[in-house]
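Input: a single structure, listed below in structure tokens.
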Amino acid sequence: MSIMASYSTLVFFLISSILSFSSWETEARGLPITSLINRDLFNAIFLHKDNPACPAKDFYTYDSFILATRRFPRFGKTGRLTTRKREIAAFLAQISHETTGGWPTAPDGPFAWGLCFKEEVSPPSNYCDSTNTKWPCFPGKSYKGRGPIQLSWNFNYGPAGRALGFDGLRNPEIVANNSLIAFKSALWFWMTEQRPKPSCHNVMIGRYIPTPADIAANRTAGYGLVTNIINGGLECGIPGDGRVNDRIGYFQRYAKLFNVDTGPNLDCANQKSF
């Protein structure tokens, strides 16, 4: 075979490989989220969410979750198949910790009790930041944790409501009374960048670009950074923190169910909060 023929064969092989990979990527992105998490897998993940002991019994439905994801079409549909599965597993793990009803000796283990609560019990305050004039608190309203990600504070309820079509400042209770809005509020928080914080979504799909401040604070990409985004002020920078370990435990269980690895940097013990 001549050198020119060999070169032509190589070029053809490379182009074919690129087109094949591109086609695979397009196909992966086109797969509906229900192909990655069907009803049976959802129920296997949340074994006890409808247990009579759970205040949120029958509230967090599979149908509401799937409908909510349609409002955020990039969720679980960005990147390679492994990336997509890992993001979904990470999201479900974080909301499981936020709503957990598990305990160390719970039936089926502590990580089978996600989505047990739909609102914070005995909140220490009404979570009103009176200095935030852009999203002023409405008299008599509490902005305590509600929904899968336990949306909290007026500065979260306000923009979440504006983005999703409800009055978050005057009617924050709807997040604990409407299953679809509850899941949408959690996905809104997951997908939305709130500078200087990146979005959880961008972290999990590999699009996080650390700033000089992030590098100085050791905010490395991974599941631990997602925990930092969600509740780093209370949980990060603390070696062996039980809350962080609980989040990790859920993620490890769900990653196995999705047949993916968790990736590196699971905790935020050595990260400074935002």
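A search for salt bridge (Lys or Arg N to Asp or Glu O under 4.0 Å) contacts involving Lys144 returns Glu119, not counting sequence neighbours. Listed by chain and residue number, nothing satisfies the salt bridge (Lys or Arg N to Asp or Glu O under 4.0 Å) test with Asp246 (two or more places apart in sequence, or in another chain).
When the side chains of ILVMFWY residues are joined at heavy-atom separations under 4.5 Å, either directly or via intervening members, Leu81 and Ile205 end up in two distinct hydrophobic clusters. Phe72 and Leu67 fall into different hydrophobic clusters, where Ile, Leu, Val, Met, Phe, Trp and Tyr are joined by side-chain heavy atoms under 4.5 Å apart, directly or via other members. Ile248 and Ile149 fall within the same hydrophobic cluster, where Ile, Leu, Val, Met, Phe, Trp and Tyr residues are linked whenever their side-chain heavy atoms come under 4.5 Å apart, directly or through other members. Hydrophobic clustering keeps Leu47 apart from Ile95 (ILVMFWY residues linked when any side-chain heavy atoms are closer than 4.5 Å, directly or through intermediates). Hydrophobic clustering of Ile, Leu, Val, Met, Phe, Trp and Tyr side chains at less than 4.5 Å, counting indirect connections, unites Met191 with Ile33.
Under the 3.5 Å distance criterion, the side-chain polar atoms of Asn154 are left unmatched by any main-chain donor or acceptor of Pro136. Tyr157 contributes no side-chain N or O that, together with a main-chain N or O of Ser152, makes up a donor-acceptor pair within less than 3.5 Å. Panel note: side chain Ser199, backbone Glu193; no donor-acceptor pair is recorded below 3.5 Å. The backbone N or O of Glu173 sits less than 3.5 Å from a side-chain atom of Asn177, completing a donor-acceptor pair. Side-chain atoms of Asp214 come within 3.5 Å of backbone atoms of Thr211 as a donor-acceptor pair (strictly under, hydrogens ignored). Not a single donor-acceptor pair under 3.5 Å links the side chain of Arg71 to the backbone N or O of Trp188. Looking only at distances, a side-chain donor or acceptor of Arg84 sits under 3.5 Å from a matching main-chain atom of Leu31.
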Could you walk me through whether Leu266 and Gln252 satisfy the side chain to side chain contact (heavy atoms under 4.5 Å, CB included) test, starting with their C-alpha distance in whole Å, then the side-chain angles of each, then the deciding distance to 0.1 Å, before giving a yes or no? CA-CA 10 Å; Leu266 292 179; Gln252 289 173 329; 3.9 Å; yes
Walk me through whether Asp129 and Tyr143 qualify under side chain to side chain contact (heavy atoms under 4.5 Å, CB included). CA-CA 10 Å; Asp129 179 2; Tyr143 303 99; over 6 Å; no
Set out, in order, the CA-CA distance, both residues' side-chain angles and the distance that settles side chain to side chain contact (heavy atoms under 4.5 Å, CB included) for Asp50 and Leu115, then state yes or no. CA-CA 9 Å; Asp50 296 325; Leu115 298 184; over 6 Å; no
Side chain to side chain contact (heavy atoms under 4.5 Å, CB included) assessment of Arg195 paired with Phe274: CA-CA 9 Å; Arg195 294 182 180 180; Phe274 287 92; over 6 Å; no
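Closest approach of Val175 to Phe166, counting heavy atoms only: CG2-CZ, 3.9 Å. In plain terms, the two heavy atoms of Cys116 and Gly101 that are nearest each other are CB-N, 3.6 Å. Shown here for Pro107 and Ala112, the closest heavy-atom pair between the two residues is O-CB, 4.5 Å. Contact between Phe155 and Asn132 at its shortest, heavy atoms only, is CB-ND2, 3.4 Å. Nearest heavy atom pair, residue Leu151 against residue Ala160, reads CD2-CB, 4.0 Å. Between Thr61 and Lys49, the shortest heavy-atom distance links the atoms CA-NZ, 4.4 Å.
Each of Phe189, Tyr60, Phe59 was scored for a side-chain contact (heavy atoms from CB on, under 4.5 Å) with Pro148, with one residue passing: Tyr60. Looking at Trp190, Tyr254, Phe258 one by one, the single match for ring-ring contact (aromatic ring centres under 6.0 Å, His included) with Phe91 turns out to be Trp190.
Heavy-atom neighbours of Asp58 CG from other residues, nucleotides or ligands within 6.0 Å: above the threshold of 12. The environment of Ile209 atom CD1 is sparse: at most 12 non-hydrogen atoms of other residues, nucleotides or ligands sit within 6.0 angstrom.
Looking only at atom types and distance, the side chain of Thr100 has a donor-acceptor partner in the side chain of Tyr250 under 3.5 Å away. For the residue pair Arg74 and His201, a side-chain donor N or O sits within less than 3.5 Å of a side-chain acceptor on the partner.
Remark: Lys85 does not engage Glu87 in a salt bridge, criterion side-chain N to carboxylate O under 4.0 Å. By the 4.0 Å N-to-carboxylate-O rule, Asp167 lies too far from Arg162 to be salt-bridged with it.
In summary, the aromatic rings of Tyr127 and Trp153 are positioned with their centroids under 6.0 Å apart. Phe42 and Phe65 have their aromatic ring centers within a separation under 6.0 angstrom.
With contacts defined as side-chain heavy-atom distances shorter than 4.5 Å, the pair Asn245/Asp241 does not qualify. Between Ile88 and Phe75, the closest side-chain pair of non-hydrogen atoms falls below 4.5 Å. Annotation: side chain of Asn178 is in contact with side chain of Ile174 (closest heavy-atom distance under 4.5 Å).
Atom CZ in Arg146 sits 15.5 Å away from atom CZ in Phe117 (nearest 0.5 Å). The NZ atom of Lys77 lies 8.5 Å from the OG1 atom of Thr69; values are rounded to the nearest 0.5 Å. The distance from atom OG1 of Thr83 to atom CZ of Arg207, rounded to the nearest 0.5 Å, is 10.0 Å. Taking CG from Asn126 and SG from Cys137, the interatomic distance works out to 6.5 Å, rounded to the nearest 0.5 Å. Atoms OG1 and OH, on Thr220 and Tyr208 in that order, are 7.5 Å from each other to the nearest 0.5 Å. Rounding to the nearest 0.5 Å places OG of Ser142 at 7.5 Å from CD of Glu120.
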Taking only distance into account, with no hydrogens and no angle test, what donor-acceptor pairs under 3.5 Å do side-chain atoms of residues 223-240 form with protein atoms, sequence neighbours excluded?
{"from": "Tyr223", "atom 1": "OH", "to": "Gln94", "atom 2": "NE2", "distance (Å)": "3.4"}
{"from": "Tyr223", "atom 1": "OH", "to": "Arg247", "atom 2": "O", "distance (Å)": "2.9"}
{"from": "Thr227", "atom 1": "OG1", "to": "Gln94", "atom 2": "NE2", "distance (Å)": "2.9"}
{"from": "Asn228", "atom 1": "ND2", "to": "Gln271", "atom 2": "OE1", "distance (Å)": "3.0"}
{"from": "Asn228", "atom 1": "ND2", "to": "Lys272", "atom 2": "O", "distance (Å)": "3.0"}
{"from": "Asn231", "atom 1": "ND2", "to": "Glu235", "atom 2": "OE2", "distance (Å)": "2.8"}
{"from": "Glu235", "atom 1": "OE1", "to": "Arg247", "atom 2": "NE", "distance (Å)": "2.8"}
{"from": "Glu235", "atom 1": "OE2", "to": "Arg247", "atom 2": "NH2", "distance (Å)": "2.8"}

